[in-house]
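First comes the structure, then the notes that go with it.
Basis for what follows: all heavy atoms, side chains included, without hydrogens, waters or symmetry-related copies.
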Amino acid sequence: MTISSGRARIRVAMIGVGAVTAYHHVPGLALDSRAELVALCDADPALLERRSSEWGTARTTTDPLELCGWSDVDAVVIATPNDTHAAIAVAAARAGKHVMCEKPLGLSAGEVQSMYEAARDHGVVHMTAFTYRFAPSMRYMRSLLKSGSLGEPRHFRSQRFLDWPETSWGWRQYKARAGAGDLFDMTIHRIDFAIDLMGPIRRVCGATARFAPRDRTVDGKACAPSEVDDWSCLIGEFETGATGVWEGTTLAKGYHRDGFGHEWAEINGSEGSAVYRLHEPNTILLGKTGSDLAPVAVPAEFLKPASSPRDPAVGAPATVFRYDLMWEFLSAIVEERPAVPSFWDGLNAQLVADSVLESHQKRAWVDTPLAAV
Ligand SMILES: NC(=O)c1ccc[n+]([C@@H]2O[C@H](COP(=O)([O-])OP(=O)(O)OC[C@H]3O[C@@H](n4cnc5c(N)ncnc54)[C@H](O)[C@@H]3O)[C@@H](O)[C@H]2O)c1
């Protein structure tokens, strides 16, 4: 770490400087005086050069493994295509770097297991970028649930409907690079926060489907068609006996909503129901017998983690809570504690997502293992 005004600053490098790094991680880092952006890596030299000048970061490489060898980097954020995460995360952990990695952590639970073990065994902070855990109404819903206000949780329900163009998704539409489509891109977040809220999922019955061929790029050029799902669903049984139902699609016409789409995640407890919606993350819907679901403002203490440097009044609410991912990663490093959600959480979500694919392939219910700690 470098010493600045008497305090050590965490030296962070971004590996993969595409969309999510620009949208979540660099703005989050820019808010936090405990860290500085010291290096960038991307396989695309032109993009790398552009980001280097935009973000004022002179040190760059196109080789993630070279970056993992740099001794003046303390922590890395991995935001590259899914097939590259495992090798980079394992190399970074072995080099003693703290690692935040994008979801899905890998292409399969086997890969993710190796990432988790490398990070655990080398004693580095490891974090999975499960963004929606940081939404204010999600944090408030969790608190209501854990404090018993909703009673005994019985049902969990998640809908994630996007109205995306039917043109090529680039690397995201090829199995070898992405693993799966909507299931690994979108539904895996909802599997993760369901486990966080309701506890382990014991068995699932799942299905995926592909409707859009995606054999044209945005500018009309022919490309190899999509190999992955654009719709995914599962029914799940939690260890507690509660039930869960999830559906995700990128083909829901009329659900654009300024790009945020429709997201609804709900818990029905024995005493009441609570609903989180992405497009209005500072409001929760609450209801109970005799009083229908109605909007309630999320209390100030849940708009952001207490010590997050973010001003919740600034920026689009459905965007800015994503900056708290970086706050959590840096806080875990400074406080020498595990980050939440960790690679272990990423592994448990991956085990369930893999089980959805297995269930669909076998046309049968599948038991989902819980990862060993
Ligand atoms: N947490 C979230 O809400 C969220 C949102 C979007 C994307 N993601 C995840 O983030 C990751 C990146 O997604 P994106 O939308 O930013 O994709 P992107 O295609 O915009 O960016 C990926 C970048 O990685 C670079 N790259 C490819 N291979 C590389 C390699 N071997 N080494 C270094 N750089 C390499 C590409 O050149 C590109 O610039 C994916 O895993 C995706 O699932 C998560």
Side-chain angles (χ1 to χ4, degrees), residues 1-18 20-22 24-81 83-102 105-106 111-129 309 325-339 342-344 346:
M1 298 194 205
T2 56
I3 306 296
S4 155
S5 351
R7 280 190 56 204
R9 296 183 90 199
I10 303 161
R11 298 164 300 184
V12 180
M14 300 289 164
I15 303 181
V17 296
V20 76
T21 298
H24 298 185
H25 304 310
V26 168
L29 187 60
L31 288 175
D32 205 317
S33 61
R34 297 171 300 176
E36 59 187 323
L37 182 59
V38 297
L40 304 177
C41 171
D42 200 283
D44 175 348
L47 178 66
L48 192 55
E49 198 180 321
R50 208 174 80 221
R51 297 298 200 208
S52 164
S53 94
E54 274 170 24
W55 298 337
T57 316
R59 195 148 189 223
T60 62
T61 173
T62 54
D63 179 0
L65 300 184
E66 183 196 350
L67 187 144
C68 291
W70 291 348
S71 59
D72 50 359
V73 169
D74 304 309
V76 299
V77 176
I78 303 171
T80 49
D83 61 318
T84 64
H85 293 173
I88 303 172
V90 168
R94 284 189 182 148
K97 314 227 179 286
H98 306 295
V99 192
M100 172 155 66
C101 183
E102 274 299 345
L105 284 185
E111 266 193 12
V112 177
Q113 181 80 35
S114 69
M115 298 165 73
Y116 169 58
E117 286 172 5
R120 180 196 63 194
D121 296 349
H122 287 83
V124 297
V125 169
H126 47 90
M127 178 164 167
T128 307
L325 281 162
M326 184 58 73
W327 169 85
E328 167 61 15
F329 182 47
L330 298 174
S331 299
I333 295 169
V334 169
E335 293 162 19
E336 300 182 0
R337 61 164 173 84
S342 67
F343 278 9
W344 189 74

| field | Rounded distance (nearest 0.5 Å) linking atom CD1 of Ile88 with atom CD1 of Ile15 | value | 5.5 Å
| message | Using side-chain heavy atoms (C-beta onward) and a distance below 4.5 Å, is Arg51 in contact with Thr21? | response | no
| request: Please work out whether the ring planes of Phe343 and His126 are parallel, tilted or perpendicular, with thresholds of 30° and 60°. | output: tilted
| task | Apply salt bridge (charged side-chain N to carboxylate O under 4.0 Å, His left out) to Glu336 and list each qualifying residue two or more places apart in sequence or on a separate chain. | result | none
| side chain to side chain donor-acceptor pair (under 3.5 Å) with Glu66: which residues, sequence neighbours excluded? | Thr61
| Regarding Glu102 and His25, is there a side-chain donor-to-acceptor distance under 3.5 Å anywhere? | yes
| task | Please assess Trp55 against Val17 for the test side-chain contact (heavy atoms from CB on, under 4.5 Å), listing each intermediate value before the final yes or no. | result | CA-CA 11 Å; Trp55 298 337; Val17 296; 3.9 Å; yes
| task | Would you please name every residue forming a side chain to side chain donor-acceptor pair (under 3.5 Å) with Asp44, sequence neighbours left out? | result | none
| task | Determine the minimum heavy-atom distance between Glu328 and Pro338, stating which atoms define it. | result | OE2-O, 4.2 Å
| For His85, which residues count as a side chain to side chain donor-acceptor pair (under 3.5 Å) partner, sequence neighbours excluded? | none
| Is it true that Phe329 and His98 have ring centroids separated by less than 6.0 Å? | no
| remark: Distance col, row Asp74:CG vs Lys97:NZ, nearest 0.5 angstrom, shows 7.0 Å
| Does the side chain of Arg59 reach to within under 4.5 Å of the side chain of Asp72, using non-hydrogen atoms? | yes
| field | Nearest-0.5 Å distance, SG of residue Cys41 to CG of residue Leu65 | value | 8.5 Å
| task | Give the intermediate values and the outcome of side-chain contact (heavy atoms from CB on, under 4.5 Å) for residues Val73 and Arg11. | result | CA-CA 5 Å; Val73 169; Arg11 298 164 300 184; 5.5 Å; no
| What pairs with Trp327 under side chain to side chain donor-acceptor pair (under 3.5 Å), at least two apart in sequence or on another chain? | Ser307, Ser331
| message | Tell me every residue that passes side chain to side chain contact (heavy atoms under 4.5 Å, CB included) with Thr60, counting only those two or more places apart in sequence or in another chain. | response | Leu40, Leu48, Ser52
| request: Among Leu29, Thr57, Val76, find the one that has a side chain to side chain contact (heavy atoms under 4.5 Å, CB included) with Met14. | output: Leu29
